[in-house]
Protein chains: 2
Amino acid sequence: MRGQALKGHLDLLLLAILADGARHGYAIIDELRQRSDEAFDLPEGTVYPALHRLQKGGYLSSEWTEVQGRRRRTYRLTESGRGALGEQRLAWNDFTQAMSMVLKGVPWPDTP
Amino acid sequence: MRGQALKGHLDLLLLAILADGARHGYAIIDELRQRSDEAFDLPEGTVYPALHRLQKGGYLSSEWTEVQGRRRRTYRLTESGRGALGEQRLAWNDFTQAMSMVLKGVPWPDTP
DNA sequence: ACCTACACTATGTATTACTAGGTGTCAAGA
DNA sequence: TCTTGACACCTAGTAATACATAGTGTAGGT
């Protein structure tokens with residue numbers, strides 16, 4: 001999938017994953033890939049800065065942990081983050097609905 | 001609607017409107033607003049550059065017309081544009097499906 | 001005379017996903 | 001032992017693009 005497509009919707013994805021429980025970055029990438037059936041296979045350079053941005057915005061908190069000699073930064077939804085998740089999900093709903101209204105009636109390409 | 005959301009999906013919208021038949025920029029904006037039930041109310045500074053970009057990419061052709069003293073640039077889908085419409089529509093489908101897979105299971109906010 | 005809708009254009013800005021590089025740990029295999 | 005690969009993080013720079021802003025001009029109504 002052309003990743004550009006998720007421009008503006010990455011935050012929602014990350015918040016959604018973290019709604020399940022706290023996770024570290026690498027695990028988030030993994031789960032995103034699994035849950036989306038490989039469709040979302042995001043590079044680290046995409047996810048880490050986004051997590052930093054979300055934390056800076058107060059939507060996530062994080063803490064360092066050490067597991068078998070490997071340091072991990074575990075992220076957790078804040079109250080504000082949970083609110084943002086709800087809002088963005090509603091916005092996503094509105095958006096897809098508006099898209100399908102515009103797309104409705106447009107003929108599909110010939111697929112014989 | 002926060003317009004940022006359509007980042008990367010504007011082209012699909014424009015191609016979809018033009019699949020209905022040739023139109024000029026202002027009319028495209030109008031129809032986009034109507035078909036989306038006011039959700040997509042795009043500023044000219046968004047749409048015109050996008051049309052130019054699409055034409056430059058070979059997806060649209062255009063010609064000047066004059067209607068009651070007002071000059072209009074009427075845009076039309078090219079063959080290539082029709083192909084792109086099909087592709088982008090499939091991509092949009094894949095994208096929404098992947099999104100809903102990730103979103104599935106995430107609890108909605110309390111709405112009493 | 002003024003305002004609004006119509007209709008287009010150009011320039012600059014902010015956001016953001018991604019590229020490309022870098023650091024370091026650990027386990028398995030050659 | 002040395003190398004590879006998975007794990008795990010980071011940052012600086014780039015490209016794309018929606019939008020803000022400002023400008024040009026016509027037509028029609030008040």
Side-chain angles (χ1 to χ4, degrees), chain A residues 1-15 22-34 36 39-57 59-60 62-75 88 91 95 98-99, chain B residues 1-15 17 22-34 36 39-57 59-60 62-75 84 88 91 95 98-99:
Chain A
M1 148 143 3
R2 151 177 163 281
Q4 307 278 65
L6 52 75
K7 206 108 183 180
H9 306 290
L10 175 58
D11 291 6
L12 172 55
L13 289 174
L14 299 178
L15 294 173
R23 271 172 186 74
H24 63 284
Y26 207 86
I28 293 171
I29 293 176
D30 264 354
E31 185 156 345
L32 218 34
R33 183 172 41 230
Q34 286 172 30
S36 71
F40 297 137
D41 190 7
L42 306 186
E44 303 172 14
T46 291
V47 173
Y48 288 120
L51 290 171
H52 299 162
R53 178 163 32 91
L54 286 169
Q55 177 164 20
K56 198 172 167 188
Y59 304 115
L60 304 181
S62 73
E63 49 179 18
W64 284 104
T65 56
E66 176 121 2
V67 176
Q68 283 174 333
R70 286 189 185 106
R71 60 182 193 146
R72 297 171 171 174
R73 189 189 280 273
T74 299
Y75 291 93
Q88 291 196 24
F95 178 57
M99 283 291 289
Chain B
M1 147 140 8
R2 151 177 162 282
Q4 306 277 63
L6 52 75
K7 206 107 182 180
H9 307 290
L10 174 59
D11 291 5
L12 172 55
L13 288 174
L14 298 177
L15 295 172
I17 295 290
R23 272 172 185 75
H24 64 282
Y26 208 85
I28 293 172
I29 292 176
D30 265 353
E31 184 155 346
L32 219 34
R33 182 171 43 231
Q34 286 171 32
S36 71
F40 296 137
D41 190 6
L42 306 185
E44 304 173 11
T46 291
V47 173
Y48 288 118
L51 290 170
H52 299 162
R53 178 163 31 90
L54 286 169
Q55 176 164 22
K56 199 172 167 190
Y59 303 116
L60 304 180
S62 75
E63 49 179 19
W64 283 105
T65 56
E66 176 120 2
V67 177
Q68 285 175 331
R70 285 190 185 106
R71 60 179 193 146
R72 295 173 171 174
R73 189 188 279 268
T74 300
Y75 291 92
Q88 291 195 24
F95 178 57
M99 283 292 289

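Labels below follow one simple rule: chain letters A, B, ... track the order of the sequence lines, proteins then strands, and each chain is numbered from 1. FYI, side chains are in, hydrogens and waters are out, and symmetry mates aren't considered; it's all heavy atoms of this structure.
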### Task
Work out which heavy atom in B:V67 is nearest to a heavy atom in B:R72; give both atom names and the distance.
CG2-NH1, 3.6 Å
#### Entry: For A:G25 against A:L51, the heavy-atom pair lying closest together
CA-CD1, 3.9 Å
### Task
Might you confirm whether atom OH of A:Y75 has over 12 heavy atoms from other residues, nucleotides or ligands at distances under 6.0 Å?
yes
### Query
If you round to the nearest 0.5 Å, how far is CD of B:Q34 from CD1 of B:I17?
9.5 Å
Rounded off to whole Å, could you give me the [atom1]-to-[atom2] distance for the [X] and [N] pair?
X	N	atom1	atom2	result
A:F95	D:dA18	CZ	C1'	12 Å
A:L12	C:dT16	CG	P	14 Å
B:F40	D:dC19	CZ	C1'	15 Å
B:R23	C:dC8	CZ	C1'	18 Å
B:R53	C:dC8	CZ	P	17 Å
B:L42	C:dC8	CG	C1'	16 Å
B:K7	D:dA16	NZ	C1'	8 Å
B:L6	D:dC19	CG	C1'	10 Å

### Query
In terms of the nearest nucleotide of DNA chain C, which residue is placed more toward the 5' end: A:D11 or A:E66?
A:D11
### Query
When every nucleotide of nucleotides 2-10 of chain D is labelled 5' to 3' by its protein contacts under 4.0 Å (heavy atoms), B for base, S for sugar-phosphate only, - for none, what sequence of letters results?
----BBBBB
### Query
Are the charged groups of A:R53 and A:D11 less than 4.0 angstrom apart, N to O?
yes
Name the atoms and distances for all side-chain donor-acceptor pairs under 3.5 Å in residues 41-48 of chain B, with sequence neighbours left out.
| residue | atom | partner | partner atom | Å |
| --- | --- | --- | --- | --- |
| B:D41 | OD1 | B:R33 | NH1 | 2.7 |

#### Entry: Any B:T46 side-chain nitrogen or oxygen under 4.0 Å from OP1 or OP2 of D:dC19
yes
